Amino acid sequence: NNMLSWQRTAFHFQPQKNWMNVITGPVFYKGWYHLFYQYNPHAAVWGDIVWGHAVSRDLIHWLHLPLAMVADEWSRILLIPADPDDPLLINWVKYSGNPVLVPPPGIGAKDFRDPTTAWLTSEGKWRITIGSRINRTGVSFVYDTTDFINYELLDGLLHGVPDTGMWECVDFYPVSKTEQKGLDTSDNGPDVKHVVKASMDNDRHDYYAIGTYYENNATWVPDNHKIDVGIGIRYDYGLFYASKTFYDQHKERRVLWGWIGESDSEMADVKKGWASLQGIPRTVLFDPKTGSNLLQWPVEEVDSLRLTSKEFEGVEVKPGSVVPLDVGPATQLDIIAEFELDKEALQRTAEANVEFSCSSSGGAAERGALGPFGLLVLADDSLSEQTPVYFYVAKGTDGNLATFFCADQSRSSEAGDVNKKIYGSFVPVLKDEKFSVRVLVDHSIVEGFVQGGRTTITSRVYPTKAIYGAARVFLFNNATESSITSSLKIWQMNSAFIHPFSEDQEL
Ligand code: FRU
């Protein structure tokens, strides 16, 4: 359908057609990054799940490979590479004794899925954790194995949080407190913290928490019980789910993949013939400056897609105004922007919007003393369609500032059958830091990374006018009191090479 074909992305991984579901076993093997993903080969809706497979040298350009596995919906069987010497790992065999893991007594058959990558214990056993629920409490069981065939269920749980429901796609990994690099899943020690992440079937968001792992009794305790799994902070405040990390031993980094669904109607997906994307893979580091969150950033290989760029230095944007940024067509962009509020206005303002929250606000049209200000992406010339990605600054009577990062989809499209929510969250901004954001725009996806990746928002938007050559980008400032000064660099982005597999795929 030509009308909708512009919605396909240019540098995000997606199959040529049908429904892509969650990532399964990402890994770097013999020079290739492997992406496995649940996939419906028959339609652009969930169902008939098999395992798709693609490989890449750089996480950006991909080669589709034949399906790795067919007709097993629930991911806890053992798959073995038929030829471990094949760097592309094209053929897989199912172990004849499957399933190798079954739920413990009293646990529902489907409430037990998505085991993690294994890590080594000091005893030399392999350990995994797997999400589940006990009534309304979301939990993660722990198993030890020496052969990946026989598993011993350990007493107790890695962790559990009441009233969070089924934990899907649990992830568990170490982060370094002192070094700017990723850690192998088995690393541990005094300079290491451990992250637990679970995808909440309840509200379809990925929550993580940072804490301490105790190997002797196979438990994990969050640093702050208020920022626990499922009730605390999220990787992303937009559309981002069922994510999974892997350790990239080639570049010594931990890479996070998130599954990005559609937010149009199922009917539109069927018409388009495809549904869902993988977000740009992100490196994940502990944020030593706040000590309370992770930093997520697009993998450096994305920079290789940058084409021509334009720089804008110290652009002043007055209260209530919009400034066009002349970069030509604006459907494939990488934007880096910094903003400063006017110091005098900041002083002068006694108190502003202390109760602010992005999602319950009126979006970018609602004016406060010190915000909103930021970018309008995927906008047409008349601004009848626009997706604001922006900051909002609140000020308490004590003089303290609180900063929010939001994305407003309410005017993103003239189409009626698309999600028009306002996304966002609080973001820590430290003294002497400017407000900074990186935004990747790729046709129907907008990914925002704020303050070096302390908070992120992924939006799927479906403009009808702000497409191809008609898409523009603007600066805006809808604050009533303060001007802002912004400096930006904006690159046009090349398309990635995502090559189809040549032989007929047996389905
Ligand atoms: C996530 C999920 C996973 C499961 C898969 C089923 O949405 O429910 O828990 O493995 O999708 O397709």
Side-chain angles (χ1 to χ4, degrees), residues 13-15 18-27 35-53 67-79 92 94 98-104 107-118 128-134 136-141 143 158-161 164-172 196-208 229-230 234-236 238-246 256-263 266 269 274-279 419 458 460 507:
F13 179 81
Q14 58 183 128
N18 297 324
W19 172 274
M20 176 170 56
N21 212 65
V22 307
I23 285 277
T24 49
V27 67
L35 185 62
F36 300 93
Y37 55 93
Q38 294 185 9
Y39 178 58
N40 180 353
H42 302 125
V45 296
W46 189 91
D48 299 344
I49 293 289
V50 300
W51 275 31
H53 184 192
L67 300 176
M69 171 172 78
V70 293
D72 280 284
E73 176 181 317
W74 302 101
S75 28
R76 52 184 146 81
I77 67 148
L78 182 61
L79 266 190
W92 293 81
K94 284 181 215 167
N98 278 315
V100 292
L101 259 186
V102 294
I107 296 297
K110 289 192 171 178
D111 293 336
F112 186 75
R113 54 185 197 261
D114 316 320
T116 61
T117 304
I128 62 159
T129 185
I130 179 168
S132 184
R133 70 182 172 97
I134 299 174
R136 293 294 311 140
T137 300
V139 301
S140 205
F141 292 111
Y143 290 82
L158 181 73
H159 194 54
V161 180
T164 53
M166 173 66 195
W167 284 9
E168 298 188 319
C169 305
V170 169
D171 203 1
F172 179 69
V196 173
K197 167 262 164 178
S199 304
M200 300 297 155
D201 199 17
N202 257 347
D203 72 358
R204 310 297 286 176
H205 295 305
D206 280 13
Y207 290 83
Y208 73 87
V229 182
R234 284 161 50 181
Y235 277 145
D236 191 293
L239 191 58
F240 182 101
Y241 194 63
S243 63
K244 166 121 188 81
T245 66
F246 73 101
L256 170 68
W257 278 105
W259 171 57
I260 318 298
E262 302 296 317
S263 64
E266 191 170 285
D269 295 346
W274 59 271
S276 81
L277 309 172
Q278 301 297 339
N419 178 321
T458 300
R460 294 298 311 283
L507 296 185

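Since we're looking at a predicted model, the values are computed, not measured. Both ligands and their constituent atoms are indexed starting at 1 by order of listing. In this chain, numbering begins with 1 at the start of the sequence shown.
- Side chain to side chain, D206 and S199 meet the donor-acceptor criterion of an N or O pair below 3.5 Å.
- Under 4.0 angstrom from ligand 1, there are no non-hydrogen atoms of K110.
- Ring planes of H53 and F36: parallel class, angle under 30° (limits at 30 and 60°).
- Remark: ligand 1 atoms within the under-4.0 Å shell around heavy atoms of W46 are 12 (O).
- For atom 4 (C) of ligand 1, the nearest non-hydrogen atom from the set D111, I49, D114, V22 belongs to D114.
- The main-chain N or O of S140 is never found under 3.5 Å from a side-chain atom of S132 such that the two would form a donor-acceptor pair.
- Between Q38 and ligand 1, a contact under 3.5 Å exists for at least one N or O pair.
- In the vicinity of N21, heavy-atom distances shorter than 4.0 Å reach the ligand 1 atoms 5 (C), 11 (O), 12 (O).
- The R113 neighbourhood of ligand 1 comprises atoms 3 (C), 4 (C), 8 (O), 9 (O), with distances under 4.0 Å to a heavy atom of that residue.
- For M166, the closest heavy-atom approach to ligand 1 does not fall below 4.0 Å.
- Counting the atoms of ligand 1 from 1 in the order shown, those under 4.0 Å from a heavy atom of R204 are 7 (O).
- In the model, S276 has a side-chain atom that pairs as donor or acceptor with a side-chain atom of W259 under 3.5 Å.
- Ring pair F141/F112 is tilted by interplanar angle, where 30° to 60° counts as tilted.
- Listed for the R460 side chain is a donor-acceptor partner under 3.5 Å among the backbone atoms of G261.
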